[in-house]
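Report on one structure; see the data block that follows.
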Amino acid sequence: MSGQYEILCLENPLLDIQAVGDEKLLQKYGLKSNDAILAEEKHMGLYEDLFENYKVDLNAGGAAQNTARGAQYVLPADSVVFVGCVGKDKYAEKLVEANKKVGLRAVYRYDDEQPTGRCGVIITGHDRSMCTDLAAANCYKVEHLKENWDLVKQAKIYFVGGYHLTVSVPAILALAEEAAAENKTFMLSLSAPFICQFFKDQLDQTSPYWDYVVGNETEARAFAAAHDLNTEDIPTIAKHMANLPKKNTQRKRTVIVTQGTEPTVIAVQGDDDVKTFPVHVIGKDEIADTTGAGDAFAGGFLAGLAKGESIEKCVDMGSWLAKLSIKELGPAYPFPKQTY
Ligand code: 26A
């Protein structure tokens, strides 16, 4: 590791507005207790409502930005760069601050009109409902990525949050094609069931480029349903995804499906056996907040990839970082820094 921005991450930089809510609040906005959605007109009052009537925590969020902070937390200085679009406002300053804390380099495009995107996170028990108003994050274009093509060229691993499929497929495909052409690593997260369901065509455009694809059991099942696989069996779904057509045949595809506290499932293209790896156990009383646990897993995993570790070790690093993040409020990592 030379600390030369080996990893480049792309997605939506968001500020999380998090509060402990109740059934009434969820009902008022027609939200499910455990979900992630894009805000529609009827959701726009939620943010004010949270500020006025609940005790809110403001956290740096955006799934892939959480992953990027996580990978940088583990790796030597100057290893990770994140790109996305924010507004010229206080929220963006908060994101810059959080990135600084772990030494993540964020190369933001600043939109002139739109404010920084925000994600309302409503906690009820162990569930969290996320409702995102993308705003400036929705303004990212492939042209903006091209303006930073030197950083793209410098990186060896690209990580794209699947949530970005709602924003700029051309930007994602530009990274994917660069990875395939230069035999670099392209990794995508499934992000949420609605991506597999409602952005299936966009997702399918990227699948030939996946060297690594990561998701949880709910997302994997949403993928299976959207593709009429007629199964809910995670190893079967993972194996199917691993063996989808692949553009860069110099690398085999690896599929990683996390299942909360249950073992993580790994399927590798061409392999008959699907493997499982246990997670780092965490005591119930140690759980502060699971928001961003999956993002942290991906961050630890990415750090392992950048260090050239085995798949077993990458999964273990992911699980280790997820555990650290679960002990924090919001999608954050502990200080003083812990080492793997
Ligand atoms: C486009 N959408 C819906 C989103 C998101 C999102 N990040 C990017 N795009 N919806 C929720 N998140 C982020 O997920 C993290 C937890 O995994 C939240 O910002 C939160 O930090």
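Atoms within each ligand, like the ligands themselves, are counted from 1 in listed order. Counting begins at 1 with the first residue of the sequence. These figures come from a predicted structure and were not determined experimentally.
Residues Thr291 and Asp289 bring a donor and an acceptor atom of their side chains to less than 3.5 Å of each other.
For an aromatic pair to be called close, the ring centres must be under 6.0 Å apart, and Phe335 with Tyr73 satisfies this. Taking the six-membered ring for Trp and the full ring otherwise, the centers of Tyr212 and Phe159 sit at least 6.0 Å from each other.
Side-chain atoms of Lys239 come within 3.5 Å of backbone N or O of Asp272 as a donor-acceptor pair.
In this structure, Asp49 pairs ionically with Lys28, as a charged nitrogen and a carboxylate oxygen lie closer than 4.0 Å. Electrostatic pairing of Arg105 and Asp78 does not count as a salt bridge here, judged by no charged N lying under 4.0 Å from a carboxylate O.
Sorted by chain and number, the heavy-atom contacts of ligand 1 below 4.0 Å come from Glu11, Asn12, Leu14, Asp16, Ile37, Leu38, Gly61, Gly62, Ala63, Asn66, Cys119, Met130, Thr132, Leu134, Tyr163, Thr291, Gly292, Asp295, Pro331.
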